[in-house]
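Here's the structure we're looking at; comments come further down.
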There are 2 protein chains.
Amino acid sequence: MKRSLETIAYNQDTEALARFAKALGHPTRIAIIKHLENQSCCFTGDLVEVFPLAQSTVSQHLKELKNAGLIQGELKPPKIKYCINKDNWNKAKALFQEFFD
Amino acid sequence: MKRSLETIAYNQDTEALARFAKALGHPTRIAIIKHLENQSCCFTGDLVEVFPLAQSTVSQHLKELKNAGLIQGELKPPKIKYCINKDNWNKAKALFQEFFD
DNA sequence: ACTACCTATCGTAAATTTACGATTGATATT
DNA sequence: AATATCAATCGTAAATTTACGATAGGTAGT
């Protein structure tokens, strides 16, 4: 990517907002979150049935959402229950709200 | 990218939200928008001075924001004045608001 | 017409993203 | 201990993104 030598230091809110936005920057991930909002929680397998995507692909999208902090997984053997991470969700909500005035 | 044969058809709001989110998914673009909110408008050259990025890189980021509909450019020869596109901004705002409840 | 100025576009390279199938790992059940 | 189930991870390929310098284009002033 041929980056400039010094990484640009944006303020924290800017970085955080961009990170959240990036995580939401794919329709499948928006749809996953919407699904989680309806169901409150769900298992990976549920999503694999809902979306015409490979299991590994769904897993990858979940990982991105988890890395961004928007969701969290809880072990419910042999399944994994995913829910929205309320704390970070509220953080994201506040950042977007502020951003849009 | 080895896409599945049939493209997934998400509903329009989902697609639109993802498109907006993607455009906002880079700290430089968040910073550009914040700059535009402060100044109400600005020229490409202003931004080139603000950010330690090549002129072409700034131009590219502006293009992405423009493609997403979040900003618009107005010819003010020999400069180009960029402003937030109010209509689409409000659309984005509404979509994010609804998304976050 | 020529020049100067500003910005978009082109060509490029490297990193990242998105998708898949195959494999691995972890836990519950037999 | 062996098996079954579910989901993460690995390896992979193709597309996209991000960045740069160089070039092209469009307008105003000379």
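Note on naming: letters A, B, ... go to the chains in the order of the sequence lines (proteins, then strands), and numbering restarts at 1 for each one. Treat the numbers as computed from the prediction; the structure is a model and nothing was measured.
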Counting the atoms with a prime plus P, OP1 and OP2 as sugar-phosphate, which does A:S59 contact under 4.0 Å by heavy atoms, base, sugar-phosphate, or nothing?
base

Provide, to the nearest angstrom, the distance between the CD1 atom belonging to B:I30 and the P atom belonging to D:dT18.
12 Å

Any N or O donor-acceptor pair linking the side chain of B:Q55 to the base of C:dA8 at under 3.5 Å?
yes

As a test of reading the structure: which of D:dA19, D:dT27, C:dC20 is closest to the side chain of B:H26, going by heavy atoms?
D:dA19

D:dA7, C:dA19, C:dT7: which one has an atom nearest the side-chain heavy atoms of B:F43?
C:dT7

Starting at atom CG of A:L62, determine the distance to atom C1' of D:dC6, rounded to an integer number of angstrom.
13 Å

Check the distance between C:dC5's P and B:D46's CG and give it to me in whole angstrom.
17 Å

Whole angstrom value for the distance that separates P of D:dA8 from CG of A:L53
14 Å

Can you check whether A:K22 has a side-chain N or O nearer than 4.0 Å to OP1 or OP2 of D:dT17?
no

Identify which nucleotide among D:dC20, D:dT9, C:dT7 has an atom closest to any side-chain atom of A:K63, counting heavy atoms from C-beta outward.
D:dT9

Rounded to whole Å, the NZ-P distance (A:K81 to D:dT5) equals 23 Å

Phosphate oxygens OP1/OP2 of C:dT17: is one of them under 4.0 Å from a side-chain N or O of A:H61?
no

Would the base of C:dA8 count as contacting B:Q60 through its side chain, where contact means a donor and an acceptor less than 3.5 Å apart?
no

Among D:dG21, D:dA7, C:dT7, which nucleotide sits nearest the side chain of A:Y82?
D:dA7

Between A:G25 and A:S56, name the one whose nearest nucleotide on DNA chain C is closer to the 5' end.
A:G25

So A:F51 and B:Y10, would you call those rings parallel, tilted or perpendicular, with 30° and 60° as cut-offs?
tilted

Please check the phosphate of C:dC20 (OP1 and OP2 only) for any side-chain N or O of A:T57 closer than 4.0 Å.
yes

Length of the CZ-C1' vector between A:F51 and C:dA19, whole Å:
15 Å

Go through the side-chain N and O atoms of A:K34 and B:T14 and say whether any donor and acceptor fall under 3.5 Å apart.
yes

Closest to the 5' end of DNA chain D, once B:L75 and B:E64 are matched to their nearest nucleotides, is B:E64

Within this structure, what is the CG-CZ distance for the pair B:N88 and B:F20, rounded to the nearest 0.5 Å?
5.0 Å

Any donor-acceptor pair under 3.5 Å linking the side chain of B:N90 with the backbone of B:K86?
yes

Between CG of B:L47 and C1' of C:dT7 the distance, given in whole Å, is 12 Å

From CD of B:E74 over to C1' of D:dG26, roughly how many Å is that when rounded to an integer?
16 Å

Test ring pair (Phe, Tyr, Trp, His ring centres under 6.0 Å) applied to B:F96 and B:W89, step by step:
CA-CA 11 Å; B:F96 276 106; B:W89 183 258; 9.3 Å; no

